[in-house]
Structures are given as C-alpha cells and as structure tokens.
Amino acid sequence: MARHLITSAIPYINGIKHLGNLVGSQLPADLFARYLRSRGHEVLFLCATDEHGTPAELAAAKAGKPVAEYCAEMHDVQANIADGFRLSFDHFGRSSSPQNHALTQAFAGRLAEMGLIREVTEEQVFSVTDGRFLPDRYIEGTCPNCGFDSARGDQCDNCTKQLDPTDLINAHSTISGSTDLEVRTTKHLYLRQSELKGALADWIESKKDWPILTTSIAKKWLNDGDGLQDRGITRDLDWGIPVKNGTEDWPGMEGKVFYVWFDAPIEYIASAQEWVDEGKGTDWESWWRTDKGADDVTYTQFMGKDNVPFHTLSFPATIKGTQEPWKLVDYIKSFNYLNYDGGQFSTSRGRGVFMDQALELLPSDYWRWWLLSHAPETSDAEFTWEQFQTDTNKDLADVLGNFVSRITKFCRSKFSEAVPEGVPFGESEEQLIVDLTTRVAAFEGYMDAIEVRKAAAELRSIWVLGNEYLQANAPWTTFKTDPDTAAMQVRVGLNLIRIYAILSAPFIPDASATMLAAMKTEDTAWPTDMNAALNALPSGHAFEVPENLFRKITDDERAEWAERFAGTRD
RNA sequence: GGCGCGGUAGCUCAGUUGGUUAGAGCGAUCGACUCAUAAUCGAUAGGUCGGGAGUUCAAGUCUCCCCCACGCCA
C-alpha cells in the first residue's frame, strides 16, 4: 500500500466550467484517485476554488453582491456540481480560507528571509471613478498607430502593435467607461524566480517520464528570450490575501494583496489544513512535509496545458525558494483542449455544454465515460454530438448495460433470482480466466501510468469478453440439453457483473454501484485472482434484475442538443 | 513573425528505441445467434500514414524544405 497525494487544478470562482475544463483536470484526477483507492492505496485527493483577483470582484459587482458573499455562493454552486459529477475530493477547499491566508503570508515571509523578494516601484493606471488600479486588459482606447477604437492597454488587437496604457487616445476603463484615469506610482513585491532558474532547470531535466506536453512548455518558459523572469506577486486590490511578512506587517505594502497566482497553488497545501480543521482528516503535514512523513508520498497533479507554467515553474519556485522540506510534485499530468464541434467552447457565446447543463441532460456516468475515453492526452480532442451519441449508446447501453440485462434476465427466467450451481468450470472458463487476467493486467498498467484513453479502451474490451463468452457458449442453447452446464455458464456471467462493477467504478461510479446493489454484494475487492473472482458470488447467492443501466440517446435528442448548444456564431 | 502540439482508413484515435502483408473502436456491407435495451458475436471492405527531397539494406517512425489546423508568446 502506497500513499498518493492528488490535486486537480483549482477552478476559478467566476462561473461554471464547461466540459473541456472538466476533462482537463478534475475528471481524470478523480479517475486516478478512485482507482488508487480501489487498489487499496491511501489517497488524499484535494481541490478548491480559486477565488481572488479582479475578475471575481467584477463578477460580484455585476451580481450586486459583496465579493466575499459572491464567492461563498459560487463555491457552493461549484461544490454541488462537482458532487453531481461524483468528483470524490477528500476536501474541496477555498483559496480565500483563513488557512491559506496564513500560509501564503508565511511563504512570502520565508521567501523574503531567503532574499528572494525584491521591491519594485512602478507606474500604473489608476481609475479615480472605479477607485482602483486597472490591469492593462481593463483599459481600452483608440490606437495611436492605426486608429482602431477598441485597442487594449497592452496591445492593439487590430494592428497588433504593443502599447503602453498611456499611449491610448481617449483611454477609458472598461469597467465603468470612465476616462478619469491617472498614472500613479505604486510599489510591488517581485519573486526573484531568475535566481532559481538553474535549480528549476535541473529539476525539470530530471523528470524524464513526464509527458512531453508538460516538459516542453516548462522548458520554453525557462529558456525563451531572457529566460525565466522575476514575477510580481502583489496587486493593488481589495479582494485577496493582505500582504504580510509572515504574521508581521510589511512596511510600504499596506492595502495591497498577493497576486492570485501566488496564493492559488499554496491553497493545495492549505486545503489539506482545511481538511484537518473540518474534522475530515488528521495530520496534514504527513502529506506535505517530507520531514514529517511525506517522504513516502507520491504527489500527482492534473491540469490543462494553460496551467503548466505555473505548476512546473512558479509554484516550484515558491516551494524551492523556502528551502524548507515541502513536498514537491512527482508527476504532472497535463491535458490539451477539448474542442466543441469544430471550434472552441465559449462562455460568452454560450457555445458548448457547461457542467450544470450536462447534468440536466444525462446522468454523470454518460459524460464521465465519454470524456475520459476521449481525454485530450496527445493533442486537442473533438466533441461532436454524433460521436457522443454513437459511443455512449454502443459502449454503455449495448456492450455493458445489455450484458448485465441479458444475463440477469436469462437467469431469472430459466433458474431463479439466485446464482445457480451447475457443473465445475471447463475449458471455456479456463480460457476466459486467462483472457481476463491478461486484459486486467493491461488495464492496470494503463491506469498506473494514467493513460486514460487506453485504459478506457481496455476496460471496454473486458466488457466485450463477457459478451463473447456468452455468445460462444450460448447457455440458452445449452439449457435445452444440459441445464447443469448452462447453470454454470450463468454463474460465470453473474460473477462477471461484480467484476465489471469493481473495474468500472473509477469511470462510471453510479452504474458500478447499481451493479453491486443488484448483485447484493459489498465485496469490492480488486480481482487479483480471476479464478477466485469468478467464484466470489457462490451458488445460492440471491440477486435482483436491475433496471437497464443505461438508456440510449435518440436521434431527436441529439439534434435538439446540437441546436441548443451551438451558441451564436460570429 | 517566433515557438509548441498535431496533420495516419468515412468519423474518433493507437502506432515503443526506424524492421515482416500500417492497427483499434465506431460507421458501412455480409453472415451467425435469438438470452438480452431492434441488443450480441463473427467476417469483409476502406489508408500512395499532409506534400516534396534526403539518409538507410529498410522510414508513418530520423534530417531538411513546404502546406494546413490549433495553441502560446512577442
């Protein structure tokens, strides 16, 4: 038994995520966590909402609510949806938690102590009307170069010329529209990441088994141009973690907060503290401090490719810079994007399916199965309704669901709602055991390596073995001349249902639970000995015929959904 | 413009360090079966592996050039 720490990239508090976000981090992380638990390992699976920053403030203002209240509500919304998708977090925390406040301030203090923080005085645009400093992207005006009237503070989208906010003609805040802007001097803290470049490069270089996607992005940021740059870790905002040097005030930093990308990954650690403080666990340090038991922990992070630089460089720089025994990530599993029907998912255009909408259409298992079996591991992947319909109908309803249906109903009709006895196993069963053993070993290999698509394909092949067995041995024919042999064959089929429930649980937990309930068993031991596993439900063991596990998606539904989620095109 | 991931059967995708007739699932066609959710099982057809040049006894797999899509950066 090993100890596994698993984190999923933490979703931003603002709004509900779409299926591409889901399959890029939380869902595969959940798959891995569930699998490792099934194998008997000790798992701590953490996630949280990322709550700070300007977008949260603006979203709250738009909703007419104080930002703290808005975040609390949206956290509950996201937690409920996560629950709806059966994401089995041990704790779903909040980056705004008191624990993260204290920890983030402690990290900053320690980094300052190590000489890795420097103060930088810079000029920024301040909107008097809005009462806040404006990030470049919240400033628009007319481009002095081409006359485009919606040039942003950092760049003109029309002529692509790089701009300084002060270059803009008639510059105004995109928040209020106000033109009452001033340039003010402000002071910020920078993390001297450049000092850590060598250590980070060595560390990345040592990760030979990481996905190419992960290391190539990291190396690009390390080496491009002038190399890894120092990074501002503070902002002039109200909503965030107040800048402090540990527990002490930080002279000159009054009224400022840490930058969201500084405190967000620290929430991975703080989330474990929340987990303990809420009574769900004990001893978070045994997961996060290598001097307090975490040296035997394997830590795996899941994220979309856009998050890779922060997890391969920024956060490790924070950790390494302290020279304290914090647990560093061992493996980063990153994902490409899921496209929606030939284009991108788009929140603003209402294009694509969002997590809450998905659950209104179909139970989570349908989405989990399709998304995981098409996870964008090697390149961007494509969601189409046609594919979703044919795949889920075939895999879930026909191959798995119908298998359960045919064997349970046949047994009820020819024998009873109990496992029949029959003769001992023969050649066909010995061969089935060999085939199952081989395929399950392959499945385990893919799951251990987090090869999500291949694991899904292997699992499907294992389901098919059951149908092949029934087809080849035809108990419905055998029954006419040799009911005892037919009884044994049915016994095999019923035991396969239990085995399938266990193997499939990480992908389709609800269907798995239904299968186990139908077989009236709580024995979920992983099938390491296939002969024993095929005898786990003994003759005489009662079961019941379940409702159909999966229904089919009709052509009408597919057409309706495709229309409904197409969004407004340009 | 620079960089990155890709471009393999109608569709979605696999193809380890270059090595026998390029694979899977779906879809299509044919057949078997009739226990089951008009389900299942089997067989067959389908590819000049984006284009071109090169290295090699041998290239989807390495090198160079070009084209296309997506993404990141400037």
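We name chains A, B, ... by the order of the sequence lines, and we start the count at 1 in each one.
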Exercise for the section: Determine if Trp476(A) stacks with C35(B); use a centre-to-centre distance below 5.5 Å and an interplanar angle below 30° as the criteria. Expected result: yes

Check nucleotides 68-70 of chain B for protein N or O atoms closer than 3.5 Å to its own N or O atoms and list the pairs.
{"residue": "C70(B)", "atom": "O2'", "partner": "Asp380(A)", "partner atom": "OD2", "Å": "3.1"}

Problem - Proximal nucleotide (of U40(B), G25(B), U34(B)) relative to the Asp398(A) side chain - result: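 Comparing U40(B), G25(B), U34(B) against the side chain of Asp398(A), the answer is U40(B).
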
Exercise for the section: Determine, step by step, whether Asp398(A) and Lys552(A) satisfy the salt bridge (charged side-chain N to carboxylate O under 4.0 Å, His left out) criterion, reporting the C-alpha distance in whole Å, the side-chain angles of both residues, the deciding distance to 0.1 Å, and the verdict. Expected result: CA-CA 9 Å; Asp398(A) 295 348; Lys552(A) 295 201 185 193; 2.7 Å; yes

Problem - Spacing of the C1' atoms in A45(B) and C3(B) (rounded, Å) - result: 43 Å

Handout entry: U29(B) and A9(B), which share atom name C1', separated by this distance in whole Å
Key = 16 Å

Give [X] one of three labels, base, sugar-phosphate or nothing, depending on what nucleic acid heavy atoms sit under 4.0 Å from its own.
{"X": "Ala381(A)", "value": "sugar-phosphate"}
{"X": "Arg460(A)", "value": "sugar-phosphate"}
{"X": "Ile407(A)", "value": "nothing"}
{"X": "Thr390(A)", "value": "sugar-phosphate"}
{"X": "Asn548(A)", "value": "base"}

Verify the ring-centre separation between [Y] and [X]: is it less than 6.0 angstrom?
{"X": "Phe415(A)", "Y": "Phe479(A)", "value": "yes"}
{"X": "Phe354(A)", "Y": "Phe565(A)", "value": "no"}
{"X": "Phe388(A)", "Y": "Trp561(A)", "value": "no"}

Exercise for the section: May I ask you to decide if the ring planes of Tyr268(A) and His311(A) are parallel, tilted or perpendicular, using 30° and 60° as cut-offs? Expected result: tilted

Do the side-chain N or O atoms of [X] get closer than 4.0 angstrom to the phosphate oxygens (OP1, OP2) of [N]?
{"X": "Lys552(A)", "N": "A38(B)", "value": "no"}
{"X": "Lys394(A)", "N": "U40(B)", "value": "yes"}
{"X": "Arg406(A)", "N": "U34(B)", "value": "no"}

